[in-house]
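Structure in structure tokens, see below.
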Amino acid sequence: MNRSESAAGPVGRRLETALETLQQRRDAYLGYPVAKDFRFSALAEFLDVPLNNLGDPFSDSTWQMATREFEREVLADAARWLRAPEDNWWGYVGNGGSEGNLYGLYLARELLPGATVYFSQATHYSVSKNLHLLNMRHIMIRADERGEMDYDDLRESIRINRDRPVIIFANIGTTMTEARDDLGRIRDILDDLAISQRYIHSDAAFIGLAAPFMQPRPAFDFVDGADSISISGHKFIGCAIPCGIVLARKSNVDRIARSIAYIGSLDTTISGSRNGLTPLMLWQRFRELGESGMAERVKSAQAMAAWTEDAFRQAGIQAWRNPGAFTVVFPRPSDAIIRRFQLATEGKWSHVICVPGVEQSHIQALLDALREEDFPE
Ligand SMILES: *Cc1c(COP(=O)(O)O)cnc(C)c1O
């Protein structure tokens, strides 16, 4: 069945126009951490079956219209890249980085009742809502001007609250500047203060599937001390539907799992019904790219970011980026340019994110527009 058969007449025309607009907007956007270099048309026929990965990906269910075996392979790949403890990890493909962060905080709260959550002021906006939902005590820590946690402020804040267990919500690639908190330094502080009741969650929404292939490798994964990690599937890898991967230590998860008779599965996930398409999409991307493709992808996106930073500076714009980052930060331009290139903007800063699919010509178009504004003809 082709598109004109499936939707003819006014319905078909409306959809076709929408598609064209979206394709143009896709080619234009530069400010969001969302890769554009994917093709999922090969999966089109999966849209004609009612997929639902209901329940726990590792337990069978009476409902079998699912892609759980693909989901498990995706999770196993992620577990290897994130150096999860062998035979002691668990996870699922959820709706995005926010859900993974909610899951990590929920797990931490169940394990350490009464704990205080520490997170920096550069943390994603969804986290305060999550903390509110979970009714968790929390303290916001200062971030430096580049977006990394102020470790002195962290130490001091924990020191004066030493009677409570500690939950660290670490940023591995902040939304605005792609700054990374260093788990090594955070652990040193917890050790120094003799905090034994502790839990560390890594919010690696954007770069969680890139960082394992970076040189030097950021300190963010299970070997570095994370107890759970959340990653968005639609960001660095690219996906047609928002999704995410969350991984946690299995021994922790087992302590809070509940068995549900009705579906013959475990109610371990935040959502009950779960997307069955997104695990297929991630699986396809992982298989297409392979580890060498992933490493290559990281290197070329970093090279594009370096080129972009340089091109901005040569154009006389004070651009900068954190070491190894795909994100190039520069002074906020006009609202017209912000809209045209879909630039995420906060206060006096905007950014360009060199995700896979962004090319020199796209950056050049932005630079031309910026120059045109400064020197109109
Ligand atoms: C995008 C992002 C999130 C939220 O992830 P979603 O997939 O949009 O739910 C959380 N934290 C950071 C650092 C992000 O970049």
Side-chain angles (χ1 to χ4, degrees), residues 29-36 38 74 78 82 91-106 117-134 138 140-141 143 146-149 168-183 200-211 218 220-221 226 228-247 269-271 274-275 277-279 281-282 285 301 305 321-322 324-329 342-346 349-356:
Y29 76 75
L30 288 176
Y32 282 80
V34 169
K36 359 177 154 187
F38 56 81
V74 163
L82 300 172
Y92 71 98
V93 174
N95 291 310
S98 310
E99 181 178 336
N101 287 335
L102 178 63
Y103 180 82
L105 288 170
Y106 164 62
V117 182
Y118 298 84
F119 62 98
S120 91
Q121 64 188 119
T123 299
H124 191 261
Y125 61 85
S126 63
V127 174
S128 13
K129 178 183 58 197
N130 286 346
L131 292 169
H132 189 60
L133 278 171
L134 292 165
H138 53 273
M140 191 191 275
I141 304 299
R146 287 184 159 246
E148 184 170 348
M149 179 179 277
I168 303 284
F169 185 95
N171 289 302
I172 313 303
T174 58
T175 317
M176 206 51 211
T177 65
E178 207 185 311
R180 313 166 192 150
D181 300 336
D182 187 324
L183 293 200
I200 301 179
H201 174 82
S202 285
D203 175 5
F206 175 30
I207 65 165
L209 291 173
F220 80 107
D221 67 14
S228 49
I229 304 179
S230 170
I231 303 173
S232 300
H234 56 286
K235 288 188 173 171
F236 190 72
I237 293 301
C239 193
I241 301 172
C243 60
I245 294 171
V246 62
L247 292 179
T269 55
I270 301 257
S271 302
R274 295 188 304 112
N275 200 315
L277 275 172
T278 48
M281 291 177 172
L282 292 177
R285 293 299 279 147
R321 68 188 178 113
N322 275 308
F326 308 116
T327 303
V328 179
V329 184
Q342 303 172 55
L343 302 177
T345 300
E346 194 180 276
W349 298 110
S350 287
H351 63 204
V352 158
I353 307 189
C354 295
V355 286

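One-based numbering, in listed order, for ligands and for the atoms of each. Just so it is clear, the structure is predicted and the values come from calculations on it, not from any experiment.
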Subject >> For atom 4 (C) of ligand 1, the protein heavy atom that lies nearest, with its residue and separation >> reply: Ser98 OG, 3.4 Å
Original post:
Do you know which of Ile229, Ile245, Leu209 makes side-chain contact (heavy atoms from CB on, under 4.5 Å) with Leu82?
Top reply: Ile229
Original post:
Near Ser232, which atoms of ligand 1 are under 4.0 Å from a heavy atom of that residue?
Top reply: 5 (O), 6 (P), 7 (O)
Subject >> N/O separation below 3.5 Å, Thr174 to ligand 1 >> reply: no
Original post:
Closest approach of Thr174 and Gly147, non-hydrogen atoms and distance?
Top reply: CG2-O, 3.6 Å
Subject >> Sub-3.5 Å N/O-N/O distance, Asn171 and ligand 1 >> reply: no
**OP:** First locate atom CD of Glu178, then atom CG of Asn171, and finally report the distance between them rounded to the nearest 0.5 Å.
**Re:** 11.5 Å
**OP:** Can you establish whether the number of heavy atoms outside Glu346 located under 6.0 Å from its atom CD is more than 12?
**Re:** no
Original post:
Going by the order shown, which atoms of ligand 1 are within less than 4.0 Å of some heavy atom of His234?
Top reply: 7 (O)
Original post:
Hey, what do you get for OG1 (Thr175) to NE2 (His124), rounding to the nearest 0.5 Å?
Top reply: 4.5 Å
Original post:
Taking only heavy atoms of Asn101, which atoms of ligand 1 are found under 4.0 Å from at least one of them?
Top reply: 10 (C)
**OP:** Decide whether an N or O pair under 3.5 Å exists between Gly97 and ligand 1.
**Re:** yes
Original post:
Please state which protein non-hydrogen atom is closest to atom 10 (C) of ligand 1 and give its distance, to 0.1 Å?
Top reply: His124 CG, 3.3 Å
Original post:
Could you state the interatomic distance from CG (Leu134) to OH (Tyr106), rounded to the nearest 0.5 Å?
Top reply: 9.0 Å
Subject >> Parallel, tilted or perpendicular: ring planes of Phe326 versus Phe236, cut at 30 and 60 degrees >> reply: parallel
Original post:
Please state which protein non-hydrogen atom is closest to atom 1 (C) of ligand 1 and give its distance, to 0.1 Å?
Top reply: Lys235 NZ, 1.2 Å
Subject >> N or O contact, Asp203 vs ligand 1, cut-off under 3.5 Å >> reply: yes
Original post:
Taking all non-hydrogen atoms of both residues, which atom of Val34 and which atom of Tyr29 are closest, and how far apart?
Top reply: O-OH, 2.7 Å
**OP:** For Ala205, take its heavy atoms, then give the atoms of ligand 1 lying under 4.0 Å from any of them.
**Re:** 2 (C), 3 (C), 10 (C), 11 (N), 12 (C), 14 (C), 15 (O)
Original post:
Is the closest heavy atom of Gly173 to ligand 1 under 4.0 Å?
Top reply: yes
Original post:
Please walk me through it: do Ser126 and Asn101 pass side-chain hydrogen bond (donor to acceptor under 3.5 Å, both in side chains)?
Top reply: CA-CA 9 Å; Ser126 63; Asn101 287 335; 4.8 Å; no
Original post:
Any nitrogen or oxygen of Glu99, main chain or side chain, under 3.5 Å from a nitrogen or oxygen of ligand 1?
Top reply: no
